[in-house]
Enquirer: 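Here's a structure for you.
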Amino acid sequence: MGMLDLMRLMSIQRQRDQERRRRQAQAPPRDGLIALRDKRKGSPCQQDSDSQGAADIEIPSLPEDIWRLIHSLMPMRDAARAACVSHSFLSSWRCHPNLNFSSEALGLSKNAYGNEELAGLFYSKVNHILKRHSGIGVKKLTIKVYSDYSGKGSSYLNNWLQIAVKPGIEELIIALTQFQAKYNFPCSLLSNGSGDSIQYLHLSNCSFHPTVTLSGLRSLTRLYLCRVRITENELGCLLSHSLALEQLEIRYCNRIVCLKVPCLLQRLISLKVFGCDKLKLIENEAPNVSIFAFQGDKTELKLGETLQIKSLCMVRSGYVYHARAELPSIMPNLESLALQSCKETAFAPKLCSKFLCLRHLSIALIGFFPAYDYLSLASYVYAAPSLETFDLDRNVQNVSIFAHPADLRSIREEQHHNLKSVTVTSFISVKSLVELTCHILESTTSLECLTLDASQTGFRCTTPGSKIGKCPPLDTDVLMEGHRGVLAIRRYIQPRVPSTVKLTVLEPCSCHSTEL
């Protein structure tokens, strides 16, 4: 059932309630008083809406549990509004299963209030809602707090969690942005039976100190920790009680020095670790990890059995070169490979080894490589005969083709028969980049779409649906290079595009014209 269907049914139910109230208001007084049984006490709205008579219409009679299900599928703000106008929805609101407390969900604009005023309104609204909620039946609780509210935030958070975290809850998301790990998440919440039903636990910017006495978490399948104060021993205790875990993601948790993933986690398939600066070792013994993502330069990786890894994302200096040389032999079943490097050898090696299963390739070069040879990346493309998509993002300076307009180089490779989509972000007039693009066009028989983004920014105010008023400012040199990139496309690449390939060129946004 779609949201439009839900809103239509809500409208029908509202008309039914309005008609019933109209008839009751027209009924003879009873002992001098008009019966007001439908007065909505404890509505989530501060005041009732005026009721207007509704014409007689044919309204479906649905069981109460159906209306309750419809109400539970609505976003929280829509569910609250429905409870304001519908007696049938008011009772189900007190057991609404999805509670989302964030400034966006509560309609609070960060631009309209100061930090302290915004925090005060936020806590007031959440308190008002939870006082009218029974605390029973909550399946998903999301709390996103953007301010500490003069140190009062911890007591508010504890009260909210005591009300809403009960046995049966499945998702718990606590995302704090300005607490700087001052808030200590109460582990006792997970030990009273509530932890048994939690499937997804998301914590950010707080302290979390599980111990060996922690119980529960037998249903936990997804764990996300970001900027959480937790030691490797405490994390080990948590993992030892999470045997159903399937996805583990850790970001910027700088108290972890050694991450050991035990073999007890037989169901773990996804392991992602980003930005943990103190981390010296990752040792994985979970036997079924097929998705691995990592960011860092100084961490030793002991991934155990790697034949089952199908998706790899690495943000590591110099890894574009080493991945071409090492991965075909140690991860032969890779289907998706994403690499990002800020320090790189001047070229990718040309080897005979193949990525026989690779279908999606993404390479990002970030930094200053004045002599990097983009044409050498063709060795990746033609080492992957099953490749379907290739995305290249570059943010490096190099010599323009207009500075050295000699004949374009070409390399002899077999034709590629599966590659369908190629995207180059931050396209500029670098000669080797033009050569790589032309080479792919001439040697790929299956290509359907080529996108060359010369806008030099990830945001465009002219993009349909964009919410930004104006693109971020660009340095004049960067903007001029974007225009030179467009000129290189028109002069060297566009004439070589076959009629069967759709070429999309994204030029610098028109709002930057005043910056030239």
Side-chain angles (χ1 to χ4, degrees), residues 224-227 232 247-261 270-284 286 289-351 353 355 357-358 360-374 376-377 379-381 383-384 387 389-398 424-426 458:
Y224 178 95
L225 303 175
C226 180
R227 304 186 188 277
E232 57 200 69
Q247 301 177 39
L248 172 61
E249 184 165 348
I250 302 173
R251 290 176 176 264
Y252 311 107
C253 296
N254 291 328
R255 289 196 170 190
I256 302 174
V257 178
C258 177
L259 172 59
K260 293 187 177 181
V261 182
S270 176
L271 174 60
K272 300 179 179 180
V273 183
F274 296 96
C276 299
D277 293 338
K278 302 294 180 61
L279 189 62
K280 295 182 179 179
L281 172 67
I282 295 179
E283 186 173 356
N284 174 52
V289 173
S290 60
I291 301 171
F292 181 68
F294 176 74
Q295 176 189 7
D297 288 336
K298 300 179 181 179
T299 305
E300 181 182 0
L301 302 179
K302 294 183 178 180
L303 301 181
E305 181 56 63
T306 57
L307 292 178
Q308 76 281 359
I309 293 183
K310 296 184 178 181
S311 176
L312 177 68
C313 174
M314 292 291 290
V315 182
R316 195 163 192 162
S317 296
Y319 206 72
V320 172
Y321 182 92
H322 293 291
R324 178 65 187 92
E326 299 171 0
L327 292 184
S329 59
I330 64 176
M331 297 183 185
N333 296 312
L334 272 180
E335 297 178 1
S336 176
L337 176 61
L339 304 174
Q340 179 176 316
S341 175
C342 61
K343 294 179 181 179
E344 194 57 55
T345 305
F347 61 93
K350 183 177 180 181
L351 302 169
S353 54
F355 294 98
C357 300
L358 191 64
H360 306 287
L361 174 63
S362 175
I363 297 177
L365 297 173
I366 311 297
F368 182 76
F369 308 127
Y372 193 82
D373 186 0
Y374 289 98
S376 68
L377 294 178
S379 68
Y380 268 97
V381 175
L387 192 66
T389 63
F390 174 43
D391 296 334
L392 175 61
D393 186 5
R394 50 130 314 274
N395 186 23
V396 300
Q397 302 302 316
N398 213 315
V424 181
T425 305
S426 298

Enquirer: With the side chain counted from C-beta on, respond yes when M314 and L301 share a heavy-atom pair under 4.5 Å apart, and no when they do not.
Expert: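 Touching, per the 4.5 Å side-chain cut-off.
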
Enquirer: Report the residues that fulfil side chain to side chain donor-acceptor pair (under 3.5 Å) with S336, sequence neighbours left out, ordered by chain and then residue number.
Expert: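 Side chain to side chain donor-acceptor pair (under 3.5 Å) check on S336 returns nothing, list empty.
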
Enquirer: Are K272 and Y224 side-chain neighbours, meaning at least one heavy-atom pair lies under 4.5 Å?
Expert: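 When only atoms from C-beta onward are counted, Y224 and K272 do not touch, as no gap falls below 4.5 Å.
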
Enquirer: Any non-hydrogen side-chain atom of I309 less than 4.5 Å from a side-chain atom of N333?
Expert: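 Contact flag for I309/N333 side chains = no.
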
Enquirer: Given 3.5 Å as the limit, does a donor-acceptor pair link the side chain of E232 with the main chain of V257, or not?
Expert: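 Looks like yes, one N/O pair under 3.5 Å.
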
Enquirer: I'd like to know if the side chain of R255 and the backbone of K278 have a donor-acceptor N/O pair within less than 3.5 Å.
Expert: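 Not confirmed, R255 side chain does not pair with K278 backbone.
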
Enquirer: Apply side chain to side chain contact (heavy atoms under 4.5 Å, CB included) to the pair F294 and L303, showing each step before the final yes or no.
Expert: CA-CA 11 Å; F294 176 74; L303 301 181; over 6 Å; no

Enquirer: Spell out, as yes or no, whether a donor-acceptor pair under 3.5 Å connects the side chain of E335 to the backbone of S311.
Expert: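 Checked: no pair found.
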
Enquirer: Is any side-chain heavy atom of Y321 closer than 4.5 Å to one of E326?
Expert: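 Not in contact.
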
Enquirer: Quick check against the 3.5 Å criterion: does D277 have a side-chain atom that pairs as donor or acceptor with the backbone of N254?
Expert: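 Flag not set: sc D277 to bb N254 has no pair under 3.5 Å.
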
Enquirer: Indicate yes or no for a side-chain donor-acceptor contact from S341 to the backbone of G318 under 3.5 Å, with no hydrogens or angles considered.
Expert: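 Yes, S341 side chain to G318 backbone: donor-acceptor pair under 3.5 Å.
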
Enquirer: Kindly indicate whether the side chain of Y380, heavy atoms from C-beta on, has any atom under 4.5 Å from the side chain of L337.
Expert: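 Y380 reaches L337 side chain to side chain.
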
Enquirer: With sequence neighbours left out, write down each residue that passes side chain to side chain donor-acceptor pair (under 3.5 Å) with E305, or none if nothing qualifies.
Expert: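 Residues passing side chain to side chain donor-acceptor pair (under 3.5 Å) with E305: none at all.
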
